[in-house]
Amino acid sequence: MSAKIIDGKQVAARVREELAGLVAQRIEQGGSQPHLAAVLVGDDPASAVYVRNKERACAKVGMKSTLIKLPRETSQSELLELVASLNADASVNGILVQLPLPPQINEVDVLDSISPLKDVDCFHPENVGLMMQGRPRFLPCTPHGCQELLIDSGTIVAGAHAVVLGRSEIVGKPMAALLVQKGAGANATVTIAHSRTQNLAEITRQADILVAAIGKPEFVTADMVKPGAVVIDVGINRVGDKLVGDVDFEAVSQVASAITPVPGGVGPMTIAMLIKNTLRAAEIQTGTSS
Ligand SMILES: NC(=O)c1ccc[n+]([C@@H]2O[C@H](COP(=O)([O-])OP(=O)(O)OC[C@H]3O[C@@H](n4cnc5c(N)ncnc54)[C@H](OP(=O)(O)O)[C@@H]3O)[C@@H](O)[C@H]2O)c1
């Protein structure tokens, strides 16, 4: 079997096109141009690339973005002050603090300080709580992007056994939470696996849908995948000068019925969902959300 490739780049381009239409409509009707403020602390090259891609995506849909670059040695109180000023700035709709932050800064304190109404990454505990309760203000970008890929590829999620490999706050846990909700692209029976899981391959082999988010290059091998499963590879790992996922793409493609590539799978969708959240933030703040 050779799996169908789930083309995240193509789906993300379509989502951006829809969003561009909504942004143009908003502006035509006298609304403000949605505005994302991105904060980059330090000079991590991968973070710089992610932020640049997010800025480009804003430009493509007609949104404004502002990049605030701070030196590596920025203190926690300086960063908290900046976030407070962005919270208070009515012209800013969404705030994104690119992770990871330098070790002198407590990430949780900083993320908690972002106004929940401007928390377009959906990391704030208030937004995570609302999402868990099935009444989301925002949806977390990477898991939401994965869910959209499942829907777009025609995967039947309701009643399927989904195994999420990884339990991070950013990907694994919210991914499992979205898949178990009532609604489109959800209603799955969900298992979460992690580094303490025993007999991992036995569990992943039960998955109709396998989401890999562990940060280990090509960790998921063909013998860990049930024939016909849909495999969503969230991993982004640099190996030499190549980017690879958490799944052995070549081998698993021979077993799965559909699979996302790396790059060009989940990554572009994460950014598209961030843009979607920024428009939603603008709508919420101006009382125009439906
Ligand atoms: N495509 C995108 O847009 C996007 C967005 C975010 C992240 N990513 C990528 O996705 C990957 C995961 O990111 P993350 O932030 O979730 O990573 P993370 O915070 O490092 O979490 C990794 C998770 O994988 C589990 N794990 C590690 N080794 C394992 C093993 N041998 N067997 C089973 N479970 C194992 C860990 O278990 P424990 O909890 O027990 O330690 C942890 O829950 C990374 O490659 C990251 O770059 C991509």
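Worth knowing before you read on, the calculation uses all heavy atoms, side chains too, and leaves out hydrogens, waters and symmetry mates. In each ligand, atom 1 is the first atom listed, and ligand 1 is the first ligand listed.
- Closest to atom 8 (N) of ligand 1 by heavy atom, among N237, I170, V234, L99, is V234.
- The shortest contact between atom 42 (C) of ligand 1 and any protein heavy atom is with R167 N, 3.9 Å.
- For a threshold of 3.5 Å applied to N or O pairs, the pair formed by R196 and ligand 1 contains no separation below that value.
- Residues H35 and T66 bring a donor and an acceptor atom of their side chains to less than 3.5 Å of each other.
- No side-chain donor-acceptor contact under 3.5 Å links E169 to the backbone of F123.
- Closest heavy-atom approach to atom 23 (C) of ligand 1 among the candidates P263, G172, A213: A213.
- Using a 4.0 Å cutoff on heavy atoms, G267 counts as a contact of ligand 1.
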(request) Apply the test side chain to side chain contact (heavy atoms under 4.5 Å, CB included) to residues T142 and V234: give CA-CA distance (whole Å), side-chain angles for both, the deciding distance (0.1 Å), then the verdict. (result) CA-CA 8 Å; T142 300; V234 181; 3.7 Å; yes
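- Only the side chain of T142 comes within 4.0 Å of ligand 1, counting heavy atoms alone; its backbone N, CA, C and O stay farther away.
- Residue E169 does not touch ligand 1, judged by heavy-atom distances below 4.0 Å.
- Of the listed residues (T204, T260, T270), the one carrying the non-hydrogen atom nearest atom 2 (C) of ligand 1 is T270.
- Contact between M269 and G8 at its shortest, heavy atoms only, is SD-O, 3.9 Å.
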